[in-house]
Amino acid sequence: MAPSVAIILAAGKGTRMKSRRPKVLHALAGRPMVLHVLDAARRARFGRAVVVIGPGMDEVGRAVAPAEVAVQSEQLGTGHAVLQARAALKGFSGDAAVLFADTPLLTPQTLRRVMAARRLGAAIAVLGFEPRDPGAYGRLVLAKDGALEAIVEYKDASAAERAIGLCNSGVMAVDARLLFDLLGRVKNDNAKGEYYLTDIVALARRRGLRCVVVRAPKDELMGVNSRIELAAAEEAVQNRLRRKAMANGASLADPATTYFTHDTKLGRDVAVGPNVVFGPGVTVGDNVEIRAHCHIEGARIASDAVIGPFARLRPGAVVGRGAHVGNFVELKQATLEAGAKANHLSYLGDAHIGAGANIGAGTITCNYDGYLKSRTEIGARAFIGSNSALVAPVRIGAGAIVGAGSVITKDVPAGALAVERAEQRVVKGFARAFRARKAAEKVLRPPAASKNPGASKNPGARRVRGKSKNKDR
Ligand code: UD1
Ligand code: MG
């Protein structure tokens, strides 16, 4: 097959986004729009891509690397924009597809169909669609035999042409040399005073070349020009990712409330509860249960693990096979080896927790002293009692036990017990004497401590008797 290049137009200012960031860098499912388009081109087996950007859009250039970049210094229209890729493609022979960076829902399948139609003998294949409201889209004018005669821009169209429902998506496939040859002849004597890419169809027809329309579903060709359209596109992308996850063998309890990033990887028989957010860089093994209300990013979760409800896995979290991370547990740069459990109310950061270890409720790794981060190492099968603070750097040996409520600042050898807290005092008879003293001082007992709660006319009050008067009664 001849080589093919994707020319992606991204030089528009995107003023309707009301943003300092170039429009095409606004993200869908955690990835800039322009990269969605590049990815579609890559999956459709384009060997090359040239992205046309505006002046001062270096950030876009960096985002699309290693794709080539051409700069359009003045925005004189889509035809003029495509011409800026000419120098980069000097000597290139093969097909070119023109794509718009702000039309990010285009699928590789549809892109392949346009390229195939071109190879089947059309000089130009244009992707057309029938939107619910054709609005200001360019209209596709067909001949009797269904071939494409011309594309007429809305502002230049007659009433009869505006009545056409079939619209130009902007995507077209054409031999690269023919493309640049025709574009060199395009003029700007039109309503907008721009060099229209769309004019190459009429120019090709004048040479007797055949042009065709490939129709595509309208939801792939939605353009993003505002934040409202961005949100609509995000919903469409999320729905695709949800369907893909389910098709690959994951169960989503309430798909509409599962949020994915473009790179989320789920294994087979993963069960995801309601309201789960997958941020970037998450890989989940087979048979993992992710219960409701979890927020997970930059994490690797091995098979058979149980996460949540209400767990937070931050970048660098690694959960081993069959390990448990329970409610209100946060992991950051922390590994929980196979079968280890941290089931309640913990912060584990910059830590390594050995296989089968048990982390009691409320355990905190104190990893930051205000200047430096330090590591906590917990050996296999160690048992950390509830409400312990492990002040890093510190190591707890394999099988060791830390008594509840300890603040551990020194290493604990394997198999040892470490307990750090004031010894408990027991004062016999203290309670009765204490209550007698309070009675003599005429202080009311709080209702929970009262022997006969119904007897108190003024529950909850701890005032001296005689002075309490409730004016509301
Ligand atoms: C264009 C088409 C129209 C089609 C519509 C589909 C033309 C003349 N018109 O109109 O037929 O129905 O898209 O959405 O092609 N761009 C540049 N440099 C420029 C001008 C535009 O890079 O000088 C880029 C924009 O960033 C954008 C794309 O080209 O990605 C389309 O430009 P836009 O101005 O939105 O074209 P439309 O008027 O929507
Ligand atoms: Mg547009």
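Count residues from 1 along the sequence. When a ligand or atom number is given, it counts from 1 through the structure's own listing order. Computed from a predicted model, the values in this text were never measured in an experiment.
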| said: Determine whether a donor-acceptor pair (N or O, by modelled atom type, separation under 3.5 Å) exists between the side chain of R240 and the backbone of L105. | reply: yes
| field | T198 neighbourhood, listing ligand 1 atoms whose heavy-atom distance to it stays under 4.0 Å | value | 7 (C), 8 (C), 11 (O), 15 (O)
| request: Identify the protein heavy atom lying closest to atom 14 (O) of ligand 1, giving its residue, its atom name and the separation to 0.1 Å. | output: Y137 CE2, 3.6 Å
| query | Between L76 and ligand 1, which part of the residue brings a heavy atom under 4.0 Å of the ligand: side chain, backbone, both or neither? | reply | backbone
| Looking only at atom types and distance, does a side-chain atom of E289 sit under 3.5 Å from a main-chain N or O of V306, one as donor and one as acceptor? | no
| task | Could you say whether the N/O atoms of G170 and ligand 1 ever approach to under 3.5 Å? | result | no
| query | Do F100 and ligand 1 have an N or O pair less than 3.5 Å apart? | reply | no
| said: Give the atom numbers and elements of ligand 1 that come within less than 4.0 Å of a heavy atom of A81. | reply: 17 (C), 18 (N), 22 (O)
| remark: Nearest non-hydrogen protein atom to atom 35 (O) of ligand 1, with distance, is D102 OD2, 4.4 Å
| request: Indicate yes or no: does an N/O atom of G12 lie under 3.5 Å from an N/O atom of ligand 1? | output: yes
| From the candidates T78, L140, V34, the one that places a heavy atom nearest atom 8 (C) of ligand 1 | T78
| What atoms in ligand 1 come closer than 4.0 Å to a heavy atom of Q75? | 18 (N), 19 (C), 23 (O)
| request: Pick whichever of K192, E153, M33, Q84 has a heavy atom sitting closest to atom 38 (O) of ligand 1. | output: K192
| Check: R242 side chain, M246 main-chain N or O, donor-acceptor pair, under 3.5 Å | no
| remark: Ranked by distance from atom 12 (O) of ligand 1, the top protein heavy atom is N168 O, 2.6 Å
| query | Residues two or more places apart in sequence or in another chain: which of them pass side chain to side chain donor-acceptor pair (under 3.5 Å) with D39? | reply | R42, R43
| Just distances here: any N/O of A11 and N/O of ligand 1 closer than 3.5 Å? | yes
| Which residue and heavy atom of the protein sit nearest atom 20 (C) of ligand 1, plus the separation | G77 C, 3.7 Å
| request: Please determine if G138 has a nitrogen or oxygen closer than 3.5 Å to a nitrogen or oxygen of ligand 1. | output: yes
| query | What's the shortest distance from atom 24 (C) of ligand 1 to any protein heavy atom, and which residue and atom give it? | reply | L9 CB, 3.7 Å
| query | Where is the nearest protein heavy atom to atom 18 (N) of ligand 1: which residue, which atom, and how far? | reply | Q72 OE1, 2.7 Å
| Pairing residues for R112 by the side chain to side chain donor-acceptor pair (under 3.5 Å) criterion, not counting sequence neighbours | none
